[in-house]
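Every chain is numbered from 1, with letters handed out A, B, ... down the list of sequences. Reckoned from all heavy atoms, side chains included, excluding hydrogens, waters and symmetry mates.
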Number of protein chains: 2
Amino acid sequence: MSIDRRSGCPINLSLEVFGDRWSLIILRDMIFGGRRHFRELLNFSLEGIASNILADRLKRLMELGLLTKADDPSHKQKAIYSLTEMAITLVPIMAQLGAWGRVWLPVTEELSIRAELLEKGGPPLWDQFMDELRHEHLGAPSKTPPGTPTVRQQLRAAYEEVVERKAGSVTA
Amino acid sequence: MSIDRRSGCPINLSLEVFGDRWSLIILRDMIFGGRRHFRELLNFSLEGIASNILADRLKRLMELGLLTKADDPSHKQKAIYSLTEMAITLVPIMAQLGAWGRVWLPVTEELSIRAELLEKGGPPLWDQFMDELRHEHLGAPSKTPPGTPTVRQQLRAAYEEVVERKAGSVTA
DNA sequence: TGCAACCGATTGCAAAATGCAATCGGATTG
DNA sequence: CAATCCGATTGCATTTTGCAATCGGTTGCA
């Protein structure tokens with residue numbers, strides 16, 4: 001697939017890649033949620049994506065060079081989707097989108113804590129995260145010293161802490 | 001208008017605001033192109049937006065709080081569209097989108113020079129630009145010392161320099 | 001060996017969004 | 001007073017979206 005080419009403007013071309021309601025959501029779930037399989041993306045989707053749309057977008061994202069697909073050696077039917085470098089470098093865009101949404105839109109606390117952390121961490125944290133994604137998806141050597149919590153672990157821990165605190169304040 | 005609320009995730013909510021092919025294009029033309037009138041947005045649109053879609057998106061962006069509309073005192077039929085603070089703070093997102101598109105997509109040189117400048121300038125330049133937009137659209141006092149070229153002037157000059165150079169290299 | 005659960009999709013269909021072309025009534029300009 | 005410009009609106013065909021059901025094959029378990 002090649003994109004429309006309405007114009008050669010970088011913002012326009014970026015919009016032609018993910019100027020729809022689902023492409024960036026799928027990439028978000030892969031990047032921040034660590035999803036790698038079709039069913040994970042389908043069943044754990046917060047927004048309730050339909051299977052035909054998911055299939056269509058995965059295909060499109062592969063054709064555009066943002067994802068690759070490989071067989072899962074442990075299961076003859078399973079496919080493993082991986083982010084390409086092109087998709088991994090979306091992290092700063094995701095961070096800015098999250099930061100903006102957190103300020104201006106009716107976000108929930110538990111779903112925005114990750115955006116807050118990512119914003120506070122700034123470019124150094126984004127770089128560390130991208131490095132981890134390269135390790136996870138491209139097999140690149142990891143630069144983070146062993147024992148250090150990964151960015152995704154930090155984000156997950158913060159999320160769970162909020163969920164727990166909110167649950168506690170109701171029952172306590 | 002209130003958005004769909006598929007989920008309270010900031011990235012999802014941001015996508016519900018401008019996860020379509022035109023909303024961000026219109027905002028881009030207002031932010032970087034300085035467009036304020038319906039006809040300017042319609043006739044100078046690189047991507048060729050249709051008038052019904054433009055009308056629909058302007059209405060939607062107003063309902064979402066990204067734009068305001070006012071009468072043009074010089075012409076009883078003219079409406080002046082202004083960016084709100086909510087829209088002005090999209091500048092970092094625009095910059096990141098431009099930077100990413102410039103790397104990964106088939107941009108043209110003259111249309112990506114502005115993205116390059118914005119990327120090189122980084123957050124300090126974005127802040128200066130947002131300050132100018134606040135002055136232009138919200139009537140805020142300008143912090144930039146008089147005599148300093150505005151960011152939009154710098155971007156425009158760079159664009160025209162490329163266009164001129166490319167035209168020269170053909171005829172020379 | 002049988003069967004339920006799971007795998008990545010595909011199909012059919014209705015509803016909504018998109019995009020194009022023509023046109024609206026009023027305001028302004030020459 | 002005619003041509004042009006103003007911000008839209010209308011009609012209509014095409015495309016995209018989203019939901020629900022289902023596909024053929026694989027796997028895990030009794």
Side-chain angles (χ1 to χ4, degrees), chain A residues 1-7 12 15-27 29-30 33 35-64 67-82, chain B residues 1-7 12 15-27 29-30 33 35-64 67-82:
Chain A
M1 169 171 312
S2 68
I3 53 184
D4 250 4
R5 295 290 250 125
R6 296 187 301 192
S7 87
N12 172 59
L15 279 182
E16 296 198 22
V17 169
F18 37 71
D20 73 275
R21 307 277 265 196
W22 291 111
S23 299
L24 222 55
I25 292 289
I26 293 169
L27 291 166
D29 285 348
M30 292 189 65
R35 317 250 196 273
R36 303 294 294 266
H37 302 291
F38 190 95
R39 287 283 159 172
E40 284 179 334
L41 287 162
L42 187 66
N43 296 335
F44 302 151
S45 163
L46 264 181
E47 289 85 12
I49 191 169
S51 66
N52 57 341
I53 297 180
L54 175 58
D56 178 81
R57 291 304 188 281
L58 286 173
K59 187 175 144 216
R60 191 180 126 90
L61 290 171
M62 284 191 287
E63 288 167 344
L64 288 170
L67 296 180
T68 58
K69 181 163 83 164
D71 291 338
D72 185 332
S74 77
H75 188 304
K76 286 185 182 167
Q77 268 183 320
K78 271 190 183 169
I80 299 183
Y81 292 93
S82 298
Chain B
M1 168 170 313
S2 69
I3 53 184
D4 250 5
R5 294 290 249 125
R6 297 187 300 191
S7 87
N12 171 61
L15 280 181
E16 296 198 24
V17 169
F18 37 71
D20 75 276
R21 308 277 265 195
W22 291 111
S23 299
L24 221 55
I25 291 289
I26 293 170
L27 291 165
D29 285 347
M30 291 188 66
R35 317 250 195 274
R36 304 294 295 265
H37 302 290
F38 189 95
R39 288 281 159 174
E40 284 179 334
L41 287 163
L42 187 67
N43 296 336
F44 302 151
S45 163
L46 265 181
E47 288 84 12
I49 192 170
S51 66
N52 56 343
I53 298 180
L54 176 58
D56 178 81
R57 290 306 187 281
L58 287 173
K59 188 175 144 214
R60 191 180 126 90
L61 290 171
M62 282 190 289
E63 287 167 344
L64 288 170
L67 297 180
T68 57
K69 183 162 83 164
D71 291 338
D72 184 332
S74 77
H75 188 305
K76 284 187 184 166
Q77 268 183 319
K78 271 190 183 169
I80 298 182
Y81 291 92
S82 298

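- Here the P atom of nucleotide C:dG8 and the NZ atom of A:K59 are 17 Å apart, to the nearest Å.
- Under 4.0 angstrom from either OP1 or OP2 of D:dG18 there lies at least one side-chain N or O belonging to A:W22.
- Rounded to a whole Å, the CD atom of A:E40 is 13 Å from the C1' atom of C:dC6.
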> Does the side-chain contact (heavy atoms from CB on, under 4.5 Å) test come out yes or no for B:I25 and A:R6, once each step is laid out?
Replying inline: CA-CA 11 Å; B:I25 291 289; A:R6 296 187 301 192; 3.9 Å; yes

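- When each of B:I53 and A:I53 is assigned the nucleotide of DNA chain C bearing its nearest heavy atom, the one mapping closer to the 5' terminus is A:I53.
- When the nearest nucleotides of DNA chain D are assigned to B:A55 and A:G48 by heavy-atom distance, the more 5′-ward of the two goes with B:A55.
- Here C:dG8 presents its C1' atom at 10 Å from CG of A:L58, a figure rounded to the nearest Å.
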> When every nucleotide of nucleotides 23-30 of chain C is labelled 5' to 3' by its protein contacts under 4.0 Å (heavy atoms), B for base, S for sugar-phosphate only, - for none, what sequence of letters results?
Replying inline: --BBSS--

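- Whole-Å rounding puts the A:F38 CZ to C:dG8 P distance at 7 Å.
- One can place CG of B:D71 at 11 Å from P of D:dG7, the figure rounded to the nearest angstrom.
- Residue B:R21 has no polar side-chain atom (N or O) positioned under 4.0 Å from OP1 or OP2 of C:dG19.
- Within the 4.0 angstrom heavy-atom criterion, no nucleotide atom of any strand lies near B:R6.
- Interatomic distance, B:Q77 CD to B:F38 CZ, rounded to the nearest 0.5 Å: 12.5 Å.
- Atom CD of A:E47 is separated from atom P of D:dG18 by 12 Å (rounded to the nearest Å).
- Under the side-chain hydrogen bond (donor to acceptor under 3.5 Å, both in side chains) criterion, the residue pairs touching residues 35-45 of chain A are A:R36-A:S82, with sequence neighbours excluded.
- With C:dG19, C:dT18, D:dT17 as the choices, the nucleotide that has an atom nearest any side-chain atom of B:N52 turns out to be C:dG19.
- Remark: B:N12 CG to A:D29 CG distance equals 10.0 Å, nearest 0.5 Å.
- Side-chain contact between B:D20 and B:R57: present, with at least one pair of heavy atoms (C-beta onward) separated by less than 4.5 Å.
- In this structure, the nucleotide among C:dC7, D:dT17, C:dT18 sitting nearest to the side chain of A:K78 is C:dC7.
- Across D:dG7, D:dC19, D:dT10, the shortest atom-to-atom separation from the side chain of B:K69 is found for D:dG7.
- Between the C1' atom of D:dG7 and the NE2 atom of B:H37 lies a distance of 12 Å, rounded to the nearest Å.
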> Between A:V17 and A:S23, does a side-chain contact (heavy atoms from CB on, under 4.5 Å) hold up when you go through it step by step?
Replying inline: CA-CA 8 Å; A:V17 169; A:S23 299; over 6 Å; no

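- Between B:I49 and B:L41, every side-chain heavy-atom pair lies at or beyond the 4.5 Å cut-off.
- If you take CD1 of B:I25 and P of C:dT18, they are 14 Å apart, rounded to a whole angstrom.
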